[in-house]
Number of protein chains: 2
Amino acid sequence: MITSTVENYVKQIYLQQQEDPTSLLPMGKLASAMKVVPGTATAMVKTLSDSGLVDYEPRGGIRLTHGGEQLALHVLRRHRILELFLVDVLGLDWSEVHEEAETLEHAVSDKVLERMDKLLNHPQVDPHGDPIPTAKGQIRKVRLIPLSEFAPDTAAEIARVADQDPAFLQFAEKNGLIPGVGLSLLGRDVHADSVTVRLENDVTVTLGGKAAEKILVRAATE
Amino acid sequence: MITSTVENYVKQIYLQQQEDPTSLLPMGKLASAMKVVPGTATAMVKTLSDSGLVDYEPRGGIRLTHGGEQLALHVLRRHRILELFLVDVLGLDWSEVHEEAETLEHAVSDKVLERMDKLLNHPQVDPHGDPIPTAKGQIRKVRLIPLSEFAPDTAAEIARVADQDPAFLQFAEKNGLIPGVGLSLLGRDVHADSVTVRLENDVTVTLGGKAAEKILVRAATE
DNA sequence: AATAGAAGTTTGAGGAATCAAAGAAGGGGG
DNA sequence: CCCCCTTCTTTGATTCCTCAAACTTCTATT
Ligand SMILES: [Mn+2]
Ligand SMILES: [Mn+2]
Ligand SMILES: [Mn+2]
Ligand SMILES: [Mn+2]
């Protein structure tokens, strides 16, 4: 049986793998992402391997099989549709839906999920701008540029806010840093580790490098 | 921690207790309702007793404490609001929502639940006519009369369909036996174990005693 | 009263997920 | 080239929920 623990591990392996798609994911990375001790991760990975969801090289690392990746994308689809549903239909704040979706993603049936998808008009992205995999396990991988690496004097639009921490999301919202908002980069100060942008409503915001990395933009499409 | 297993047991104890509120609920009844062997029920009831959710008399039976009853009502509220939400907002059929709600009732937070409640305009009953407990644990106990005991030649209205079996619910729907529908009793045949009713759309339906027991009516309020 | 049967309890065991702590591997720095 | 430190694996235990099967208690019926 696919327990919700298995779903959580597989989803996390997928997300961690995205960070560095070329090499095997080390045990330690997985263990800390899952907030378990390394021994627990080793034990769990063995059962995932027995179920054919990951390829496991002892002392080398792990990688999702095709089946594992399909499962991960399915869980991710549930998670992201739920987040959007909670925001758009039930009116929750975008800063609090991640936690809710973390539980609900294991409880909604496909039938319910597809009803939500329909009601939301088959959305492409969740409230944070993360792409929603299709029911068939397709995911659109768009190349986005972190604000920290963005070229000055170019019109751009916020596409994604890559952090689920409610406190950061509340900060972002308060400062108008939400997907769909247009902006242009005013300047960058390497020594100060900062970037300054002007939003479409003419408000100016300065962010440190850490924060600027989490705001992903795309060249404005006008 | 209150696991979903505990929630399911407590809810089931509450429902079984309603069938015969005067006496203690015997272990065997609980075990078969939960579809576990008697030993499992005994073990679980001990932990419920340790948590202060039930009073347990070995070899006598069990009864919910006040705390246990509050928990049961809370779970029941989640279950029934979810059922209504699934029917009214997502458009699922009333015959299939019980199963869905059985899982979701353990996954939705109070915050999400109260948003659903608001969106549904603080409903009093679920799609099957079962009363929805309030957030404070109040439940309206209405005296309803099973069709099998109803007096002839009186106008009445279907208030509840007391069965969750999808097949029965589909049958009921097909025959117009759903909450809110008016009817009058045409006749009863004790030897045939049957009752015949005329619905408000002038269709006539004959039910055996078993089925007639599940259709609960109230005197028409005109 | 004696006892057969039903109902309930106990015991022993197993699967899932976890942790603590001990042990093994192996890749640099000396 | 070796040993040391980090990373990983193994082992032994625990909690939760479950079953099978043996055992106990109580009731009812002769
Ligand atoms: Mn999320
Ligand atoms: Mn989750
Ligand atoms: Mn139900
Ligand atoms: Mn349930």
Side-chain angles (χ1 to χ4, degrees), chain A residues 1-14 16-17 19-20 22-64 67-68 71-72 75 102-103 105-107, chain B residues 1-13 16-17 19-20 22-64 68 71-72 75 102-103 105-107:
Chain A
M1 226 217 106
I2 294 173
T3 63
S4 50
T5 307
V6 167
E7 290 188 344
N8 282 331
Y9 272 89
V10 166
K11 184 181 70 171
Q12 199 55 56
I13 293 168
Y14 177 87
Q16 294 295 313
Q17 223 169 237
E19 312 268 285
D20 176 7
T22 58
S23 50
L24 295 181
L25 175 64
M27 257 356 233
K29 280 258 176 64
L30 176 59
S32 72
M34 292 302 299
K35 295 177 179 163
V36 295
V37 300
T40 301
T42 300
M44 195 60 207
V45 160
K46 278 185 190 166
T47 89
L48 295 180
S49 176
D50 290 347
S51 313
L53 294 169
V54 305
D55 288 330
Y56 168 46
E57 288 194 22
R59 298 207 131 80
I62 58 190
R63 167 167 291 147
L64 288 179
L71 177 57
V75 178
E102 203 54 57
T103 306
E105 66 188 1
H106 313 291
Chain B
M1 228 215 105
I2 294 174
T3 63
S4 49
T5 307
V6 167
E7 290 187 345
N8 283 331
Y9 273 89
V10 167
K11 186 181 67 170
Q12 199 55 57
I13 293 168
Q16 294 296 314
Q17 225 167 237
E19 312 270 283
D20 177 8
T22 57
S23 49
L24 294 181
L25 174 64
M27 260 343 212
K29 280 258 174 65
L30 176 59
S32 72
M34 293 301 298
K35 295 176 179 168
V36 295
V37 300
T40 302
T42 300
M44 194 62 206
V45 159
K46 279 185 190 166
T47 89
L48 296 180
S49 175
D50 290 347
S51 313
L53 294 169
V54 305
D55 288 330
Y56 169 44
E57 288 193 21
R59 301 204 129 82
I62 58 190
R63 166 167 291 150
L64 288 179
L71 177 57
V75 178
E102 203 53 56
T103 306
E105 66 188 0
H106 312 292

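In what follows, every chain begins at residue 1, and chains take the letters A, B, ... in the order their sequences are listed. Computed from heavy atoms alone, side chains included, the values below leave out hydrogens, waters and symmetry copies.
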In whole angstrom, what separates A:Glu57's CD from D:dT9's P?
11 Å
Whole angstrom is fine here: how far is it from CG in B:Leu24 over to P in C:dA7?
17 Å
Rounding to a whole Å, what distance do you find between B:Leu48:CG and D:dT18:P?
11 Å
Between A:Ile62 (CD1) and D:dC8 (C1'), how many Å, whole number?
12 Å
List for me each residue that meets salt bridge (Lys or Arg N to Asp or Glu O under 4.0 Å) alongside B:Lys29, sequence neighbours excluded, and say none if there are none.
none
Among B:Asn8, B:Thr3, B:Ile2, which residue satisfies the side chain to side chain contact (heavy atoms under 4.5 Å, CB included) criterion with B:Thr5?
B:Thr3
Spacing of B:Lys46 atom NZ relative to D:dT15 atom C1', expressed in whole Å
17 Å
Spell out, as yes or no, whether a donor-acceptor pair under 3.5 Å connects the side chain of B:Thr40 to the backbone of B:Val36.
no
Rounded to whole Å, the CE-P distance (A:Met27 to D:dT10) equals 10 Å
B:Arg63 vs B:Val54 side-chain heavy atoms within contact, under 4.5 Å
no
Test item: side-chain donor near acceptor, A:Asp20 and A:Ser23, under 3.5 Å:
yes
Taking atom P of D:dT27 as reference, at what distance in whole Å does atom CZ of B:Arg59 sit?
10 Å
Does some side-chain heavy atom of B:Leu48 sit less than 4.5 Å from a side-chain heavy atom of B:Tyr56?
no
Any side-chain N or O of B:Tyr56 under 4.0 Å from OP1/OP2 of C:dT9?
yes
Quick one: which protein N/O atoms are closer than 3.5 Å to N/O atoms of nucleotides 15-18 of chain C? Pair and distance per line, please.
| unit_1 | atom_1 | unit_2 | atom_2 | d |
| --- | --- | --- | --- | --- |
| C:dA17 | OP1 | A:Thr3 | OG1 | 2.5 |
| C:dT18 | OP2 | A:Tyr9 | OH | 3.1 |

